[in-house]
Amino acid sequence: MVGASAFGSIAEPRTQPAPFEAVARRKRVFSGIQPSGSMTIGNYLGAVRRWVRQQHERQSIHCIVNLHAMTLPYDPIDLRRRTLDLAAELIACGIDPEKAILFVQSEVPEHTELTWILSTQTMFGELGRMTQFKDKGRGDERVGSGLFFYPVLMAADIILYDTDSVPVGEDQRQHIELTRDVAQRFNSVFGETFVIPEADIEKEGARIMALDDPTKKMSKSGGPANYIAFMDSPDEIRRKINRAVTDSGSEIVARDDKPAMKNLLGIYSLFTDTPISELEARYVGVGYGQFKRDLAEAIIEQMAPIQARLAELQADPDEIVRILNRGTERAREIATPKMEQVRQVTGISLKAGW
Ligand code: AQP
């Protein structure tokens with residue numbers, strides 16, 4: 001264990017139960033989303049709609065990760081506005097702040113404190129292998145080191161809450177694996193402290209691809225032709241679907257050699273809860289134009305009630321701030337004692353009694 005040798009002088013890992021929070025609890029789910037743009041249907045189909053379903057049976061914690069959104073160039077005024085907009089979007093999609101804890105990452109300083117501590121247990125080489133860093137940094141040496149550290153902050157977000165399961169899209173699998181490795185390493189060096197989380201990745205919706213390039217994933221920051229966002233009007237949705245790239249030929253089938261149609265059929269299937277095979281059968285001999293018109297109307301219809309609720313919520317930003325402040329208090333009820341436990345086991349707390 002690399003971490004263990006680096007800390008060879010500390011006592012053997014302790015096995016006694018942690019003095020904090022030993023009570024039985026429901027399975028806990030943690031998820032984060034960056035306020036790096038308006039929520040896309042990729043975020044929704046890959047993650048958010050599952051968060052809405054799971055909040056009824058699991059203890060759910062949802063975090064708007066604004067510190068992660070600082071890892072690429074951004075405008076401070078936009079960041080604050082996007083943070084509040086994203087909270088409204090999540091609530092409009094069905095996150096119930098009475099059931100789930102909804103809060104903003106920067107309001108709970110334990111996240112950054114734990115990040116530093118975990119960085120001492122995370123290897124440089126591990127971070128260098130993260131594909132998201134390679135994609136977003138594109139090998140540019142002038143890229144901020146926060147982008148390199150992104151997965152450590154994400155690991156801190158997750159394990160600070162003794163999370164059992166992290167519902168994410170496929171793009172986050174590698175980061176969750178790193179989180180598990182770091183948490184296991186920490187536990188083996190300092191004694192059982194963190195729950196080791198599982199990635200919860202559904203087969204359907206795990207990777208919604210960009211409308212303008214079906215070989216890339218749909219992303220908030222990918223440019224407007226790349227995505228459909230919850231802030232898009234019905235006319236924008238029609239225009240974007242109409243302009244979405246298609247494959248050569250005219251068949252409407254979800255085959256690997258038809259990546260564009262496979263993606264559009266997947267979106268159609270998820271929004272209308274219709275099996276892909278049924279859609280393929282319905283569109284035999286029908287042209288791309290008609291298919292796209294139907295798809296756009298299906299998306300508009302499903303998004304309409306969410307967008308109506310979103311407009312109401314956005315009319316009262318003070319209420320959104322109140323909801324988030326309440327979420328911060330509830331998050332800190334878990335994060336503060338957990339962080340004190342970490343401070344004690346790592347020897348940086350001056351409190352007696354450990
Ligand atoms: N295209 C996607 N298909 C399926 N799931 C997706 N997710 C994101 N894009 C897709 C899932 O949405 C959740 C929140 O993502 P995030 O905001 O934390 O970061 P991200 O994965 O980097 O999302 P974006 O939209 O691509 O943001 P930018 O452009 O800022 O990088 C995660 O669970 C993610 O898996």
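Sequential numbering from 1 along the given sequence is applied to the chain's residues. Whatever order the structure lists ligands and atoms in, that order sets their numbers, starting from 1.
Using a non-hydrogen distance threshold of 4.0 Å, Ile33 registers as a contact of ligand 1. Contact annotation: Lys136 has at least one heavy atom less than 4.0 Å from an atom of ligand 1.
Backbone and side-chain nitrogen or oxygen atoms of Tyr150 are examined, and none is located within less than 3.5 angstrom of a nitrogen or oxygen of ligand 1. Considering backbone and side-chain N/O atoms, Glu170 never comes within less than 3.5 Å of an N/O atom of ligand 1. The distance criterion of under 3.5 Å between nitrogen or oxygen atoms is not met by Met209 with respect to ligand 1. The N/O atoms of Trp51, backbone and side chain alike, include none that comes under 3.5 Å of an N/O atom in ligand 1.
Less than 4.0 angstrom separates some heavy atom of Val168 from each of these atoms of ligand 1: 33 (O), 35 (O). Residue-ligand proximity, Ser36 to ligand 1, at heavy-atom distances under 4.0 Å covers atoms 27 (O), 28 (P), 30 (O). Close contacts between ligand 1 and Gly46 involve ligand atoms 4 (C), 5 (N) [criterion: under 4.0 Å to a heavy atom]. Proximity to Gly169 (heavy-atom distance under 4.0 Å) selects the following atoms of ligand 1: 5 (N), 33 (O), 34 (C), 35 (O).
Using a cutoff of 4.0 Å between basic side-chain nitrogens and carboxylate oxygens, Lys262 and Asp256 are scored as salt-bridged. The pair Arg180-Glu177 fails the salt-bridge criterion, with no side-chain N (NZ, NE, NH1 or NH2) lying under 4.0 Å from an Asp/Glu carboxylate O. Using a cutoff of 4.0 Å between basic side-chain nitrogens and carboxylate oxygens, Asp162 and Arg28 are not scored as salt-bridged. Contact check on Arg326 versus Glu329 returns a salt bridge, with a Lys/Arg side-chain nitrogen under 4.0 Å from an Asp/Glu carboxylate oxygen. With respect to Lys217 and Glu170, no salt bridge is recorded, no charged nitrogen being found less than 4.0 Å from a carboxylate O. Note on Asp85 versus Arg82: no salt bridge recorded, every NZ/NE/NH1/NH2 to OD/OE distance being 4.0 Å or above. The pair Asp200-Arg50 counts as a salt bridge, with a side-chain nitrogen and a carboxylate oxygen less than 4.0 angstrom apart.
A distance of 9.5 Å separates CD1 in Ile300 from CG in Leu295, rounded to the nearest 0.5 Å. Distance check, rounded to the nearest 0.5 Å: CG of Leu147 to CD of Gln132 gives 7.5 Å.
Under 4.0 Å from ligand 1, the heavy atoms of Ala206 that appear belong solely to its backbone. Under 4.0 angstrom from ligand 1, the non-hydrogen atoms of Lys220 come from both its backbone and its side chain.
Here the protein heavy atom with the shortest distance to atom 6 (C) of ligand 1 is Gly42 O, 3.5 Å. At the top of the distance list for atom 21 (O) of ligand 1, counting protein heavy atoms only, stands Asp171 OD2, 2.5 Å. In this structure, the protein non-hydrogen atom closest to atom 8 (C) of ligand 1 is Asn43 ND2, 3.1 Å. Here the protein heavy atom with the shortest distance to atom 1 (N) of ligand 1 is Ile208 O, 2.7 Å. Ranking the protein heavy atoms by distance from atom 26 (O) of ligand 1 puts Ser219 OG, 2.5 Å first. Here the protein heavy atom with the shortest distance to atom 29 (O) of ligand 1 is Ser221 OG, 2.3 Å.
No hydrogens or angles considered: a donor-acceptor pair under 3.5 Å links the side chains of Asn43 and Thr40.
Of the candidates Gln34, His68, Lys217, the one placing a heavy atom closest to atom 23 (O) of ligand 1 is Lys217. Heavy-atom proximity to atom 14 (C) of ligand 1, evaluated over Cys63, Gly32, Ala47, is greatest for Gly32.
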